[in-house]
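Lettering follows sequence order; numbering is per chain, from 1.
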Amino acid sequence: MDVLFNQLFSGLSMASILLVIALGLAIIYGSMGVINLAHGEFVMLGAYATWAMQTYFGFSILVALPFVFLAVALVGWIIELVIVRRLYRRPLDTILATWGIGIILQQAVRLGIGAESRFVKGPGILDGNVVIGNVVMSNYRIFVILFSIGVLAATWALMTKTEFGMKLRAVIQNRGISECYGIEASRVYSLTFAYGAGLAGIAGALITPLYSTIPTMGTSLVVDAFLVVIVGGLGSLIGAAAAAVMIGEVTAVFSMVMNDTLGRIAVLGCIILLIRFRPRGLFPETVRR
Amino acid sequence: ESTLHDAAQMAIEEINAAGGVHGMKLEPIVEDPASDPATYADRARRLMIRDKCVSVFGSYTSASRQAVLPVTESRKNLYWYPTLYEGRECSRNVMYGGAVPNQQQDLLIPWALEKFGPRFYMIGNNYVYPKEENNYCKTLLEKLGGTVVNEEYVPLGHSDFASVINRIRAEKPDVIFSTVVGDSDVAFARQYHAAEFDPADMPVVSLTRSEVEVKAIGGEAAAGHYSSAPYFMGHDTPENKKFVEAYQKKYGADAVTHFVNEAAYFQVYQFKAALEKLDPSQITPEAIRDAAVGITLNAPQGEVLIDENLHTHLWPKIGQWQADGQAKVIVDSAERVAPKPYAAYEGQSCTGQGLVKA
Amino acid sequence: MAQLQIQNLHVEFGGLRAVDNLDLTVEEGEILCLLGPNGAGKSTTLDLICGKTQPTGGSIRFQGTELSGLLEYERARCGIGRKFQVPSVYKELTVAENLSVAQSRHPGMWRALFTFGRGDTATQRRVLERVGLAEKAGVKAGNLSHGETQWLEIAMLLTQDSQLILMDEPTAGMTIQETEKTADLFRQLRGSHTLIIVEHDMSFVRRVADRIVVMNRGAKLAEGSVEEIENNAAVKTAYLGH
Amino acid sequence: MTRKLSYDLLAYAAFAAVIFWLVPTLYAYDGFELNTFARYLSLAIVAMALALSWGTAGLLNLGQAATFGIGSYAMAMHLKLRASDGLPDFMGWNNVDTLPWLWVPFESLTFTLLAGLLLPAAVGGIIAIFMFRARIAGVFVAVITLAFLVAFQLLVIEQQGLTGGQNGLTGLAPLNLFGWSVDTYSVGFYYLVAACLMAALTIGIYVSHSKFGLILRAIREDAERTRFFGYNVSSFETMVFCISAALAGWAGMLYTLVLEFASPTYMSVSFSLAIVIWVAVGGRESVIAAAIGAIIVNALEGRLSDVFVEGWNLMLGVTFVLVVIFMPRGLFGLVTYLAGAGSRLRQSRQDSPKTSAPIGSAPHAQGGR
Amino acid sequence: MSILHAENLFSYYGKSPILQDVSFSLKAGEFLSVLGRNGVGKTTLLKTIMGLTDRCEGRLEFDGADISGRSTPERARLGIGYIPQGREIIPRFTVEENIIMGCYARTDGKREIPDYLFEMFPILREFLTRRGGDLSGGQQQQLAIARALAMDPKILILDEPTEGIQPNIVRQIEDAIVHLNRERGLAVILVEQNIPFARKASDRFVVLDKGAVAMAGHKDELTDAVVEKHMTF
Ligand SMILES: Nc1ncnc2c1ncn2[C@@H]1O[C@H](COP(=O)(O)OP(=O)(O)OP(=O)(O)O)[C@@H](O)[C@H]1O
Ligand SMILES: Nc1ncnc2c1ncn2[C@@H]1O[C@H](COP(=O)(O)OP(=O)(O)OP(=O)(O)O)[C@@H](O)[C@H]1O
Ligand SMILES: [Mg+2]
Ligand SMILES: [Mg+2]
């Protein structure tokens with residue numbers, strides 16, 4: 001029983017990281033139809049940015065977070081401006097182009113910083129565990145879970161409560177008419193892409209104390225995050241959150257009863273079935289056209 | 001893998017600076033196969049066939065070695081492989097510079113069992129090397145009266161060990177016997193540390209964790225755990241001091257040496273020694289191989305010898321990781337240990353004639 | 001027996017009854033015009049017949065066989081062809097290729113796999129000449145003008161040669177002359193084919209209709225000949241205006 | 001005969017001339033160079049197979065590597081059995097002591113050759129039926145096949161006793177084809193692979209010019225509309241997946257022969273995406289263009305990695321991005337565009353007095369939907 | 001002085017010129033009808049004014065300044081209120097959000113809905129929280145006009161605002177447009193097929209044919225003969 005609870009907690013912690021990655025991906029896909037395979041590399045850049053800030057300025061992860069967000073958002077903004085902008089609404093082409101971008105970023109880091117894995121120190125104040133009975137929860141993972149809920153809430157508020165969010169939603173639904181009402185669609189897109197990239201950067205920063213920081217670290221994450229987006233329903237934040245939790249927990253439970261590999265295979269199988277029978281995701285938008 | 005390249009490159013430059021071999025300079029041709037076996041195979045053929053290299057050095061994973069093997073064997077070339085590996089291979093075209101299971105475990109397992117207890121939890125990546133090491137470990141444990149509480153494999157590159165850790169927490173083994181490699185090991189060690197397991201009563205003893213991994217893990221998280229290897233950067237000999245100094249001078253003060261790049265380094269010297277035994281006109285891969293057998297060399301880890309089965313006699317050690325990222329050698333083998341690539345399999349042995357089955 | 005028999009048909013979209021207890025019979029060989037205000041459910045009715053939309057309830061029988069439960073392509077194989085309100089031709093294919101696709105007497109996969117080339121080009125040419133697109137056979141359909149696109153889709157339906165042809169606003173975007181030509185073409189089909197035509201253009205309806213059914217809010221409002229309908233008070237208020 | 005068909009046949013003949021005559025001559029019938037080129041040719045087969053489903057029917061199969069891998073393992077299993085007396089070595093390492101039933105039929109070459117084609121086709125077919133019955137299309141096809149690929153590769157690695165796991169199948173015997181022991185560095189082997197590619201291209205061109213291919217193109221544009229003409233769209237889609245998978249399996253078999261081992265990395269996501277890239281570079285609309293794309297990218301990769309040991313990957317990335325942005329239809333698109341421009345030029349010369357092209361256009365904000 | 005002035009406009013979709021050499025001009029407070037058959041380029045003319053076609057040549061002035069190089073949002077912010085054919089309501093926005101969206105073109109930063117809109121279209125107040133996509137065609141048309149008015153435009157351009165609307169609502173909308181022009185002094189360009197309304201409401205008219213101006217003049221010149229010649233087929 002304790003194992004199950006421990007396992008469920010692990011699942012939640014995995015889900016929270018997936019969520020932060022998937023959120024960015026979901027907004028980018030939902031708003032501009034870009035399947036951003038370079039998203040994993042944004043995560044990687046976030047991790048390296050954290051490493052750089054810690055190594056050269058001595059920032060702890062928590063202090064570095066906002067800077068990482070800005071730095072990766074800036075990279076995203078530039079990439080949007082130079083490349084992605086030309087590919088709106090060509091989802092299959094974006095797969096190719098962003099994969100190319102991914103290679104470029106990965107190789108740039110490999111050549112510039114090196115291929116070996118880098119050390120980032122976790123935040124000291126979050127060392128230690130909360131122990132309830134036999135259930136042991138690491139403080140840091142609890143922090144990550146809470147933080148990701150915060151990110152979700154902030155993103156939700158940004159999308160629904162702010163003028164920027166409304167402009168974005170208007171552009172998503174009808175770009176042409178939005179422009180006729182003074183909305184600079186291309187600026188909205190740039191900022192959205194930058195925001196999504198920034199979120200990925202934050203995710204990268206958050207996982208540095210847990211995982212190893214290497215140029216290829218994003219590749220496997222992006223596949224999972226992408227599945228989260230599709231399972232959740234295109235562009236739906238709540239859907240992404242639900243899907244992340246579901247995938248995280250199902251993975252955790254499966255890897256408890258089987259092993260990590262078989263668990264992952266089983267989860268992928270479930271995802272395939274889910275997409276097959278609910279191709280529009282867990283929470284599809286229903287609206288009369 | 002870049003550290004292997006760096007060490008070999010340094011050896012080549014040292015040799016060339018000292019006048020080369022027979023007055024000729026060694027000329028390395030470098031390829032970057034991006035860790036992909038198919039690319040490895042392709043590049044290896046390019047080196048062996050097109051560039052007519054007499055020897056190829058390098059590669060880290062088992063998969064890449066195996067990808068290179070077909071060309072090496074069919075072209076009767078010579079492949080210098082510096083990494084520790086699972087044994088059970090007896091090619092006449094590969095010079096094995098790393099440890100095989102008996103060279104790491106014969107010292108380690110009895111010691112760990114004695115010191116921490118008999119219940120072993122095996123965790124490794126899912127490929128041949130960990131499985132083979134575990135097979136050998138199990139035969140040892142059987143002899144010594146140890147038990148295996150769990151044997152578990154995670155995919156290469158796996159980075160979330162939460163469920164492994166939960167299982168460890170539930171099983172409470174005495175020793176975690178780890179063959180997790182590379183980046184997975186980094187993630188594993190950090191998460192293991194975050195789970196607040198005490199290395200004093202549940203240490204990770206690893207066959208694969210070297211200074212490179214520890215640098216990424218962070219000394220704090222690695223401290224207290226153990227590795228078994230023929231070489232540690234902190235090994236205190238004049239040869240090693242020279243090696244480390246030269247290496248850090250060339251690649252920066254925070255560059256580390258470890259048991260694989262040490263082997264990559266001394267294999268170049270073995271290669272040179274073999275060449276020197278030959279007349280320049282008769283240099284062929286096979287001649288180099290035959291000349292190499294029996295060469296002894298003062299490597300940073302101690303004096304190493306090339307066995308006629310083309311593996312290397314090495315000096316096993318057990319190191320305990322310290323907070324500064326270095327290992328303190330706490331057990332040093334009293335004698336050089338001969339490589340027995342088929343130690344786990346009765347009636348089979350690798351000899352100068354290749355594999356012999358009883 | 002009537003060729004097409006619709007009984008008690010209804011469909012709901014999230015609370016909205018787009019088609020509500022519709023009864024309709026169509027005789028073999030007649031031309032039936034379906035009128036009604038925007039949103040009356042005309043297109044939806046055609047969707048239900050050809051299988052694009054699944055009904056919530058009711059029955060559709062075509063030549064005695066019950067259609068509900070059959071997939072679109074199975075219904076097409078029964079002999080039902082459909083022209084859509086928004087002209088749907090294959091924009092990336094040439095006009096001739098569009099007709100090749102429409103030539104679907106043998107729609108099986110294996111048959112297609114072992115048929116090399118473009119099929120019966122003589123028929124295609126004849127149909128193209130009939131609709132005046134002969135010169136455009138090699139043109140990509142996406143480069144046709146709106147009216148030409150309409151003609152192409154009509155040509156495709158002629159090539160398909162189904163017994164029951166459903167036409168959704170076939171003359172939208174056509175000039176008066178073109179509309180007249182279309183009407184003549186449709187009248188030639190009368191007898192050999194059954195047509196259900198949705199149209200707003202009363203002058204066209206007058207030319208072709210054997211019978212008119214007017215729909216309003218998903219249900220049948222009136223039914224009869226052209227004069228009967230034009231003098232029907234309920235139709236005047238709901239649709240025609242005064 | 002349509003114009004398009006005659007263009008295709010022209011390209012086909014030119015391509016045949018290049019790989020049968022020009023390439024061997026250029027490489028002076030050197031075994032090693034031809035072996036390297038044979039590698040590109042076998043990859044060209046898998047690329048053209050992808051072009052068949054992606055370019056024709058618009059179904060982007062990101063799982064192409066899985067069917068390629070099945071073919072390559074089928075061949076490797078046969079050769080492994082040939083190479084080992086009794087149990088293959090790696091099975092011993094995994095504590096397997098009898099030959100698994102799955103391996104037994106691979107003793108037979110005929111079975112192996114058939115299995116290398118039919119097994120991938122069956123797997124492709126099953127996935128296709130599963131997806132297309134539910135009318136999955138567009139990006140979802142890509143996602144499902146991608147997820148399948150990841151799961152499949154994990155499974156292959158997991159089942160070490162059966163597949164050799166991460167290391168794959170190595171230490172293979174040379175293929176013995178009707179008494180001819182195939183030396184992969186021989187000119188003969190090169191011609192074998194080249195002939196296979198030409199055969200695959202023949203199939204590809206036939207399919208794309210048959211009515212079947214036409215219907216596939218119709219489906220790509222508007223699957224819904226096509227159903228109303230009585231075509232069972234899912235059966236067409238399933239069939240093209242099967243054909244494409246079989247060709248991919250075929251390519252996989254050749255690839256194992258060329259490289260002399262089979263590895264799970266042939267089933268990796270990055271390999272699968274690489275295939276997509278080759279096709280995109282060549283042009284997805286034409287099987288020949290896709291094949292040429294594969295050859296060019298791989299040859300380029302070979303050359304670049306020679307000259308720029310470390311930076312070549314970076315350059316490839318840049319190339320892909322540029323291709324997608326500036327040549328969305330690949331080399332094929334470029335060629336057809338140039339051809340079109342040429343004929344337009346000729347035309348405008350003929351009737352130049354009439355055309356008055358407006359000069360000095362002010363570029364405008366791209367508007368619209 | 002003219003508020004909108006076009007000179008030798010050419011406008012393109014891809015390579016094909018849809019508008020060819022169109023010139024006209026409109027004074028502040030004036031009402032101009034654009035007439036013509038289906039497909040002659042009426043919508044294209046309005047889109048060209050908004051900068052929504054692929055490419056455009058010629059001179060286009062708004063309030064004396066050349067705007068042909070400006071982007072669509074910039075033009076909107078100058079005060080051109082566009083009510084497109086087909087209305088193009090944002091379906092997932094509520095009625096309120098749809099109107100607020102109109103305010104984004106305001107340069108003064110105000111984000112509130114002027115009251116007179118609700119007086120003019122009471123139904124909108126009633127449906128304030130409904131989703132735009134759920135309204136009927138006629139209601140959507142009113143919403144589209146309200147959205148354009150929320151930006152406080154200097155000129156209103158409307159594309160067939162009564163197309164596909166029930167007759168009784170058509171009357172309401174027509175009245176509203178006339179009211180805006182007469183009482184509030186808004187300049188209006190109206191694309192219409194409905195000749196009687198054009199005659200009644202406009203000061204001047206332009207008839208397009210095949211993308212070119214076939215005729216232009218005062219409303220009195222819009223005789224039956226002209227209609228016969230240019231509008232019927
Ligand atoms: N898929 C759908 N989801 C929700 N509502 C729908 C759907 N299809 C149709 N409707 C609604 O059903 C009603 C009937 O639509 P239909 O298209 O049949 O009208 P119509 O009579 O063809 O009108 P028109 O003359 O404008 O073509 C409309 O209110 C429409 O909004
Ligand atoms: N996006 C587009 N791309 C290419 N051609 C277009 C596009 N939109 C319209 N056209 C073409 O431009 C011409 C003029 O179209 P436009 O929409 O301006 O006509 P209109 O006068 O508004 O007609 P209607 O009265 O039917 O609305 C038509 O021939 C049409 O086919
Ligand atoms: Mg309709
Ligand atoms: Mg219009």
TODO: Evaluate whether atom NZ of B:Lys250 has more than 12 neighbouring non-hydrogen atoms of other residues, nucleotides or ligands under 6.0 angstrom away.
DONE: yes
With a 4.5 angstrom heavy-atom cut-off, is it the side chain or the backbone of [X] that approaches chain A, or both, or neither?
X	answer
B:Asp183	both
B:Glu213	neither
B:Ala195	backbone
B:Ile165	neither
B:Glu196	both

- [ ] Could you note down all residue pairs passing salt bridge (Lys or Arg N to Asp or Glu O under 4.0 Å) where residues 198-224 of chain A supplies at least one of them, sequence neighbours left out?
- [x] A:Asp224-A:Arg264
Who among [options] has the most heavy-atom pairs with chain A under 4.5 Å?
options	answer
B:Val212, B:Asp185, B:Ile217	B:Ile217
B:Lys215, B:Glu220, B:Arg169, B:Glu152	B:Arg169
B:Ser159, B:Ala162, B:Ala187	B:Ser159

First locate atom [atom1] of [X], then atom [atom2] of [Y], and finally report the distance between them rounded to the nearest 0.5 Å.
X	Y	atom1	atom2	answer
A:Asp260	B:Phe161	CG	CZ	8.0 Å
A:Thr251	B:Asp160	OG1	CG	9.5 Å
A:Ser255	B:Arg167	OG	CZ	6.5 Å

TODO: Evaluate the side-chain proximity of B:Asn166 to A:Met256: yes if any heavy-atom separation is below 4.5 Å, no if none is.
DONE: no
Task: Test item: A:Thr261 and B:His158 side chains (from C-beta on) under 4.5 Å apart, heavy atoms - done: no
- [ ] Please look at A:Ile214 and chain B and tell me whether the side chain, the backbone, both or neither of the residue comes under 4.5 angstrom of a heavy atom of that chain.
- [x] side chain
Open item on the list: With a 4.5 angstrom heavy-atom cut-off, is it the side chain or the backbone of A:Tyr140 that approaches chain B, or both, or neither?
Closed with: neither
Task: Donor-acceptor under 3.5 Å (B:Arg190 side chain, A:Thr208 main chain) - done: yes
